[in-house]
Amino acid sequence: MPNDFSDRPVTPILDTISGPADMKRLSDAALTTLAHEVRSEVISAVSTTGGHLGSSLGVVELAVAIHAVFDTPRDKLVWDVGHQCYPHKVLTGRRDRIRTLRQEGGLSGFTKRSESVYDPFGAAHSSTSISAALGFAVGRDMGMDTGDAIAVIGDGSISAGMAYEAMNNAGHEGRRLFVILNDNEMSIAPPVGAMSKYLSGLYASPLGDMHRMAEGFEAALPGPLRDHARRARQLVMGLPGSQGTLFEQLGFSYVGPIDGHDMSQLLPVLRSARTRTSGPVLIHVCTTKGKGYAPAETSADKYHGVGKFNVGTGELAKSLPNAPSYTKVFGTALTTEAAHDPSIVAITAAMPSGTGVDIMGKRFASRVFDVGIAEQHGVTFAAGMAASGLKPFCAIYSTFLQRGYDQIVHDVALQNLPVRFAIDRAGLVGADGPTHAGAFDIGFMAALPNMVVMAAGDELELMHMVRTAAAYDEGPIALRYPRGEGEGLELPERGEILEIGKGRIVQEGSDVALLSFGAHLGECRKAAAVMQAQGISVTIADARFAKPLDRALIRQLLRHHKALVTIEQGSRGGFGAMVLHDLVNDGLLDGRCQVRTMTLPDRFIDHAAPDAMYADAGMTAVDIAATAMQAAGIRADRMGVTV
């Protein structure tokens with residue numbers, strides 16, 4: 001009598017997958033089951049770590065299909081932005097570490113070359129994938145040991161100018177290249193602009209269904225009839241007066257739109273494209289952000305970046321009441337100023353809630369402009385507004401403002417236009433890691449003629465700086481502030497106008513002086529307390545301005561202390577360098593007061609909690625105290641500090 005194995009537990013397919021090579025043996029039905037298992041794994045992992053859940057759930061089937069069809073890692077798979085790469089990581093030998101996502105010493109929340117051979121190109125900023133993939137394609141065609149190149153780019157990312165520059169170049173080159181447009185009709189904020197409308201119309205139109213039906217008919221027809229059917233499809237899908245879709249006009253073969261959650265569509269299309277393509281092809285895949293997890297599917301924004309949550313209910317883990325975030329303080333202060341001045345407008349690049357301008361948008365919707373993922377355009381757009389007499393606040397994360405630097409130089413600073421730059425996420429940002437660190441804006445903004453550069457020491461100072469920027473009309477002005485919570489200060493209804501280039505003394509002392517620029521002011525207070533416990537008298541000053549410098553304040557500190565230490569949440573070449581440059585040019589570094597600068601080190605700092613990142617950078621209160629004591633010639637071991 002044969003044994004009955006019906007009660008034996010079934011081994012999950014995912015447990016048998018150590019890498020993409022193991023997927024080649026699976027049937028299409030098994031690949032569909034694998035996708036369901038990967039989705040469950042991602043939901044479970046992110047519930048314990050937090051992270052980019054919605055975008056990752058939207059590409060589960062796509063990740064499975066690509067790795068099953070293509071020969072990764074020889075074929076180079078480039079995920080645009082990379083925030084949707086969690087299923088990819090599960091499938092490429094990192095499942096055992098997936099619950100370390102965004103944790104200190106764990107997996108990055110984005111693709112990272114040093115992490116895996118399956119991450120051929122690191123990313124965390126948008127719209128770079130097609131350019132990188134084209135680079136791999138050229139390398140292949142010039143004899144490098146690489147296979148096909150596949151770029152997966154979202155409908156929000158493809159709206160950026162860089163993506164079109166790459167598409168135009170790739171179409172002109174005519175090289176074999178696969179671009180998969182992941183159209184979920186929802187980036188961080190709803191996609192902005194004509195491209196989004198075009199894709200939405202294409203997806204909503206019944207022509208999409210006709211196209212898929214036509215593809216099936218074409219495959220079954222004899223050669224001459226197949227050609228006739230193809231010409232008919234082009235007439236149906238083409239734009240008025242054209243011979244094809246917009247993408248075909250750029251030199252790409254166009255396939256789609258197809259259902260990105262239907263393996264019976266995904267697998268045949270990818271296999272067909274891989275075997276038949278000789279030039280660049282764009283495969284239009286429609287997906288649902290948060291697919292397969294109801295709380296994520298029904299939330300347009302919350303599950304883009306999510307904290308720890310309960311899988312069963314979707315309820316986010318509760319935390320103790322906290323001080324308002326700097327972002328919220330900025331948004332509220334900006335709204336207050338906008339209520340007093342109808343010429344104030346706000347510009348953001350696809351991050352209205354991330355920058356806090358959504359607060360102003362709820363009250364003054366017609367005066368808030370989201371330009372999409374287009375920082376270059378956003379800066380010049382703001383410059384045009386300033387030239388018209390409006391008072392634009394251009395609110396962009398520090399890490400993304402880097403993308404608009406030429407426009408800051410040429411279109412704003414050179415013309416001395418009063419654009420107000422609100423630079424969020426200044427300094428180290430925690431789990432998003434080095435790709436999102438706001439490390440360089442002090443140096444690159446302060447280097448520009450006509451630019452005023454401020455940094456808020458706390459949330460009250462941020463309110464003052466918002467009002468100061470609103471009142472300042474002599475040229476461009478920038479204010480920087482960190483991610484996260486403020487100090488918990490009691491805040492007034494409205495900030496005060498600061499004197500441009502004037503700092504403040506926070507605490508008077510006589511032995512050493514700490515000159516803080518920005519949000520490390522709280523850490524300076526802790527450092528002063530450490531030194532005061534050892535009988536050392538400490539002055540704390542808040543510079544407020546990196547440009548123009550408060551030269552009188554700096555000279556006062558230099559004259560009356562044994563040591564002066566500058567502290568900033570930025571890279572070398574910023575505030576401290578400007579202080580040194582000013583002092584050495586006046587011949588004031590004569591040794592009577594020792595001057596030291598504390599900045600982020602000359603290296604990128606991996607993701608961890610912000611406090612751990614600053615400890616890695618050597619910028620804790622103990623580090624500050626040790627630096628000041630060493631400069632003053634006071635033995636650091638008096639407080640148990642090793643210098």
Side-chain angles (χ1 to χ4, degrees), residues 103-106 108 114 398-399 425-443 446 455 457 480-484 511-534 536 538-543 546 557 561-581 593-643:
Q103 312 299 304
E104 184 174 1
S108 169
S114 61
S398 173
T399 184
R425 271 45 170 197
L428 302 178
V429 296
D432 282 339
T435 58
H436 282 59
F440 310 111
D441 60 89
I442 302 172
R480 77 187 311 255
Y481 46 96
R483 179 179 187 173
D511 291 327
V512 300
L514 305 179
L515 178 58
S516 176
F517 178 66
H520 233 55
L521 180 61
E523 204 69 17
C524 289
R525 287 193 174 99
K526 295 176 186 176
V530 170
M531 289 186 279
Q532 288 162 355
Q534 304 298 316
I536 301 164
V538 182
T539 293
I540 302 174
D542 179 7
L557 297 175
H561 298 85
K562 299 173 186 176
L564 167 63
V565 181
T566 68
I567 303 100
E568 62 196 289
Q569 294 181 341
S571 65
R572 297 178 183 179
F575 171 70
M578 296 186 71
V579 170
L580 290 175
H581 187 272
C593 176
Q594 295 295 314
V595 180
R596 301 287 187 272
T597 63
M598 295 189 72
T599 68
L600 298 177
D602 189 26
R603 58 183 170 84
F604 293 104
I605 298 176
D606 281 337
H607 59 278
D611 286 349
M613 295 179 80
Y614 280 115
D616 185 8
M619 292 187 65
T620 67
V622 170
D623 295 318
I624 295 168
T627 300
M629 294 178 70
Q630 182 191 53
I634 301 169
R635 287 184 60 187
D637 62 4
R638 283 173 51 186
M639 58 180 197
V641 175
T642 301
V643 180

Problem - Residues that Q594 engages under side chain to side chain donor-acceptor pair (under 3.5 Å), provided they are two or more places apart - result: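 Partners of Q594 by the side chain to side chain donor-acceptor pair (under 3.5 Å) criterion, ordered by chain and then number, come out as R596.
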Exam field: side chain [X] to backbone [Y], donor-acceptor pair closer than 3.5 Å:
X	Y	answer
D616	M613	no
E568	G576	yes
H607	G106	yes
T597	T566	no
T399	T435	yes

For residues [X] and [Y], report the shortest heavy-atom separation together with the two atoms involved.
X	Y	value
V429	A437	CG2-N, 4.1 Å
A426	D441	CB-OD2, 4.4 Å
P434	I605	CD-O, 3.4 Å
A617	L600	CB-CD2, 4.0 Å
P482	Q569	CB-OE1, 4.2 Å
R480	G427	NH2-N, 3.6 Å

Handout entry: 4.5 Å side-chain heavy-atom contact, E523 and I567
Key =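 No; the side chains remain at least 4.5 Å from each other.
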Practice task
Answer yes or no: is there a side-chain heavy-atom contact under 4.5 Å between I442 and F517?
Solution key: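 Yes, at least one pair of side-chain atoms sits under 4.5 Å.
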Handout entry: Candidates T539, V538, V512 - the one meeting side chain to side chain contact (heavy atoms under 4.5 Å, CB included) with H561
Key =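 That would be T539.
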With rounding to the nearest 0.5 Å, note down the distance linking [atom1] in [X] to [atom2] in [Y].
X	Y	atom1	atom2	result
D611	E104	CG	CD	11.0 Å
R425	H436	CZ	NE2	9.0 Å
L514	L564	CG	CG	8.5 Å
C524	I540	SG	CD1	6.5 Å

Practice task
Test side chain to side chain contact (heavy atoms under 4.5 Å, CB included) on M629 and M531 and set out the steps.
Solution key: CA-CA 8 Å; M629 294 178 70; M531 289 186 279; 3.9 Å; yes
Practice task
State which residues pass salt bridge (Lys or Arg N to Asp or Glu O under 4.0 Å) with R483; sequence neighbours excluded, sorted by chain then number.
Solution key: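 Only D432 meet the salt bridge (Lys or Arg N to Asp or Glu O under 4.0 Å) criterion with R483.
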Practice task
List for me each residue that meets ring-ring contact (aromatic ring centres under 6.0 Å, His included) alongside Y614, sequence neighbours excluded, and say none if there are none.
Solution key: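 Per chain and number, Y614 pairs via ring-ring contact (aromatic ring centres under 6.0 Å, His included) with H520.
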